[in-house]
**Student:** 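Shown below is the structure under consideration.
Just so you know, these numbers use all the heavy atoms, side chains as well, and skip hydrogens, waters and symmetry mates.
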Amino acid sequence: MSTEAPRRVIVGITGATGTVFGIKLLRAVRDLGLESHLVVSRAGQLTRAYETDMSAEELRGLADHAYAPGDIAAPIASGSFKTIGMVIAPCSMRTLGEVAHGVTSGLMSRAADVVLKERRRLVLLVRETPLHAGHLKNMLAVTEMGGIIAPPVPAFYTRPRDIDDMVRHTVGRTLDLFDLDSSDFSRWAPASRTGPTRRSPISESADPGDVEDPDDLEGIIGVKSQQSVTGAEHRHAAGRKSLPGLALRSHPKAHRPGSRSD
């Protein structure tokens with residue numbers, strides 16, 4: 001008899017900005033052939049409406065099973081329901097706080113608490129900045145309980161072309177934490193010292209191996225060989241450049257302070 005755990009993963013979406021991370025994660029999980037179980041907080045549904053053109057029904061349709069945020073009788077509320085773990089993407093500070101202190105006021109925090117107590121993988125894509133001491137202490141508490149704090153920080157060494165590239169990289173690195181390979185994003189592949197097959201993301205003109213002092217930043221990026229640019233000229237030039245896809249969708253409504261509490 002096989003004792004392999006069912007290939008199920010729980011996906012939580014809360015009211016922090018970044019609903020796109022949860023959407024992309026659900027699609028990646030589906031492509032990998034895993035069974036997905038979705039819970040979206042009430043504030044998460046509000047943020048979905050602000051940030052995307054996707055309806056609540058369409059979002060639920062991306063998962064194999066979806067539950068109401070107050071459904072504490074759902075299978076994912078029990079440790080006897082086997083999963084490989086849970087990702088909350090994005091994770092609000094309220095949800096982080098509940099998880100950190102074992103406050104299971106709804107299905108989102110209850111499912112996360114179950115994952116921790118069963119010693120399964122919990123990954124929180126926390127979205128907030130700047131952070132005060134309370135946020136940091138909560139992150140430490142979750143880490144000490146075995147959870148992983150994985151803020152969706154973009155990587156620029158892959159030279160992303162647009163927001164979708166950045167999101168796919170974050171989702172891919174998140175799945176790495178479950179030993180799942182989405183094969184849908186660029187990984188770091190430094191140029192060979194003997195025969196680079198691609199340009200180094202650090203420099204267009206110099207191989208770091210050719211620099212006598214590896215800590216010599218000017219030598220690495222070839223600043224000495226480039227034309228000097230004044231600070232004002234640099235800011236002016238930077239202002240004319242932007243990644244495609246960075247324009248945000250306008251919406252007549254605006255969040256009121258404290259409106260995204262979950």
Side-chain angles (χ1 to χ4, degrees), residues 9-26 38-52 59 69-70 72 76-77 83 85-156 160 163 166-178 246 248 251 253-262:
V9 63
I10 305 168
V11 176
I13 298 178
T14 69
T17 185
T19 306
V20 64
F21 292 109
I23 293 172
K24 185 70 73 173
L25 181 65
L26 285 168
L38 173 68
V39 56
V40 184
S41 71
R42 293 180 179 84
Q45 292 289 10
L46 291 175
T47 305
R48 168 198 53 75
Y50 279 116
E51 297 184 345
T52 78
L59 178 56
I72 58 173
I76 58 175
T83 69
M86 180 178 186
V87 182
I88 302 182
C91 179
S92 68
M93 291 298 104
R94 172 178 174 173
T95 298
L96 169 68
E98 289 195 354
V99 174
H101 295 279
V103 179
T104 55
S105 64
L107 183 58
M108 185 77 68
S109 52
R110 169 59 185 173
D113 194 66
V114 165
V115 167
L116 287 176
K117 80 181 183 69
E118 297 295 329
R119 306 302 191 267
R120 298 167 187 161
R121 181 57 49 90
L122 175 67
V123 179
L124 306 183
L125 272 64
V126 293
R127 278 291 294 112
E128 186 62 278
T129 189
L131 300 167
H132 59 58
H135 298 151
L136 297 171
K137 289 178 181 178
N138 285 340
M139 291 182 194
L140 177 59
V142 171
T143 302
E144 290 175 338
M145 288 189 286
I148 295 178
I149 304 299
V153 179
F156 293 100
I163 289 179
M166 298 180 187
V167 173
R168 284 191 294 109
H169 187 273
T170 292
V171 169
R173 294 290 288 116
T174 299
L175 291 171
D176 280 351
L177 298 172
F178 292 84
L246 286 180
L248 299 177
H251 198 287
K253 299 180 182 178
H255 281 299
R256 297 188 300 273
S259 62
R260 292 179 299 163
S261 59
D262 185 7

**Student:** So does I148 have more than 12 non-hydrogen atoms from other groups sitting under 6.0 Å from CD1?
**Tutor:** yes
**Student:** Around atom NZ of K137, are there more than 12 heavy atoms of other residues, nucleotides or ligands at under 6.0 Å?
**Tutor:** no
**Student:** Hey, can you pull the donor-acceptor pairs under 3.5 Å for the side chains in residues 105-112, sequence neighbours left out?
**Tutor:**
| unit_1 | atom_1 | unit_2 | atom_2 | d |
| --- | --- | --- | --- | --- |
| S105 | OG | E98 | OE1 | 3.0 |
| S105 | OG | E98 | OE2 | 2.7 |
| S109 | OG | E98 | OE1 | 2.9 |
| S109 | OG | V103 | O | 3.2 |
| S109 | OG | S105 | N | 3.3 |
| S109 | OG | G106 | O | 3.4 |
| R110 | NE | A77 | O | 2.9 |
| R110 | NH2 | A77 | O | 3.1 |

**Student:** Between F178 and M86, what is the shortest heavy-atom contact and its length?
**Tutor:** CZ-O, 3.8 Å
**Student:** Enumerate the residue pairs fulfilling ring-ring contact (aromatic ring centres under 6.0 Å, His included) with a member in residues 91-125, sequence neighbours excluded, ordered by first and then second residue.
**Tutor:**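 Every pair satisfying ring-ring contact (aromatic ring centres under 6.0 Å, His included) with a residue in residues 91-125: there are none.
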**Student:** Which pair of heavy atoms, one from R120 and one from G85, lies closest together, and at what distance?
**Tutor:**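 Between these two residues, the closest heavy atoms are CB-CA, 4.3 Å.
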**Student:** Among pairs that include at least one residue of residues 126-147, which meet ring-ring contact (aromatic ring centres under 6.0 Å, His included), considering only residues two or more places apart or in two chains?
**Tutor:**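 Qualifying pairs, neighbours excluded: H132-H135.
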**Student:** For L25 versus A89, what's the shortest heavy-atom pair and its separation?
**Tutor:** CD2-CB, 4.4 Å
**Student:** Under the side-chain hydrogen bond (donor to acceptor under 3.5 Å, both in side chains) test, which residues partner D113, sequence neighbours left out?
**Tutor:**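 D113 satisfies side-chain hydrogen bond (donor to acceptor under 3.5 Å, both in side chains) with no residue once adjacent residues are dropped.
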**Student:** Nearest 0.5 Å, what's the CD-SG distance between E128 and C91?
**Tutor:**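 Reported to 0.5 Å precision, the distance equals 11.0 Å.
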**Student:** What are the two closest non-hydrogen atoms of P69 and S41, and how far apart are they?
**Tutor:** CB-CA, 4.1 Å
**Student:** In chain order, what residues pass the side-chain hydrogen bond (donor to acceptor under 3.5 Å, both in side chains) check against T170, with sequence neighbours excluded?
**Tutor:** none
**Student:** Test of understanding: with side-chain hydrogen bond (donor to acceptor under 3.5 Å, both in side chains), list the residues that count as partners of T143, not counting sequence neighbours.
**Tutor:**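 With neighbours one apart ignored, the set is empty.
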**Student:** Please examine the side chains of V126 and M139, heavy atoms only from C-beta on, and report whether any two atoms are closer than 4.5 Å.
**Tutor:** yes
**Student:** Taking side chain to side chain contact (heavy atoms under 4.5 Å, CB included) as the definition, give me every residue that meets it alongside V20, ordered by chain and number, with sequence neighbours left out.
**Tutor:** V167
**Student:** Going from CD1 on I13 to OG1 on T47, what distance comes out if it is rounded to the nearest 0.5 angstrom?
**Tutor:** 10.5 Å
**Student:** Does either side chain, that of Q45 or that of R42, offer a donor lying less than 3.5 Å from an acceptor on the other one?
**Tutor:**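 Their side chains do not contain a donor-acceptor pair, so the 3.5 Å distance test is not met.
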**Student:** Can you give me the closest heavy-atom contact between A155 and H169, atom names plus distance?
**Tutor:** CB-CE1, 3.5 Å
**Student:** Under the salt bridge (charged side-chain N to carboxylate O under 4.0 Å, His left out) test, which residues partner R119, sequence neighbours left out?
**Tutor:** none
**Student:** Checking I23 now: which residues fulfil side chain to side chain contact (heavy atoms under 4.5 Å, CB included) with it, not counting sequence neighbours?
**Tutor:**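 Side chain to side chain contact (heavy atoms under 4.5 Å, CB included) list for I23, sorted by chain: T19, R27, T52, M54, L59, L62.
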**Student:** Who passes side-chain hydrogen bond (donor to acceptor under 3.5 Å, both in side chains) against R127, sequence neighbours left out?
**Tutor:**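 For R127 there are no side-chain hydrogen bond (donor to acceptor under 3.5 Å, both in side chains) partners, ignoring immediate neighbours.
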**Student:** Not counting sequence neighbours, which residues clear salt bridge (charged side-chain N to carboxylate O under 4.0 Å, His left out) with R168? List them please.
**Tutor:** D164, D165, D184
**Student:** If you round to the nearest 0.5 Å, how far is CG of L122 from CG of L177?
**Tutor:** 11.0 Å
**Student:** Return the minimal non-hydrogen interatomic distance between G147 and L116, and the atom names on each side.
**Tutor:** N-CD2, 3.7 Å
**Student:** Measuring from atom OG1 of T95 to atom CG of N138, what distance do you get when rounded to the nearest 0.5 angstrom?
**Tutor:** 11.5 Å
**Student:** Test side-chain contact (heavy atoms from CB on, under 4.5 Å) on V115 and R121; report intermediate values, then the result.
**Tutor:** CA-CA 7 Å; V115 167; R121 181 57 49 90; 5.7 Å; no
**Student:** Holding to side chain to side chain contact (heavy atoms under 4.5 Å, CB included), I want the full list of residues that pass it with V9, two or more places apart in sequence or in another chain.
**Tutor:** V29, L34, I84
**Student:** Could you check if a side-chain atom of L125 sits within less than 4.5 angstrom of a side-chain atom of P151, using non-hydrogen atoms only?
**Tutor:** no
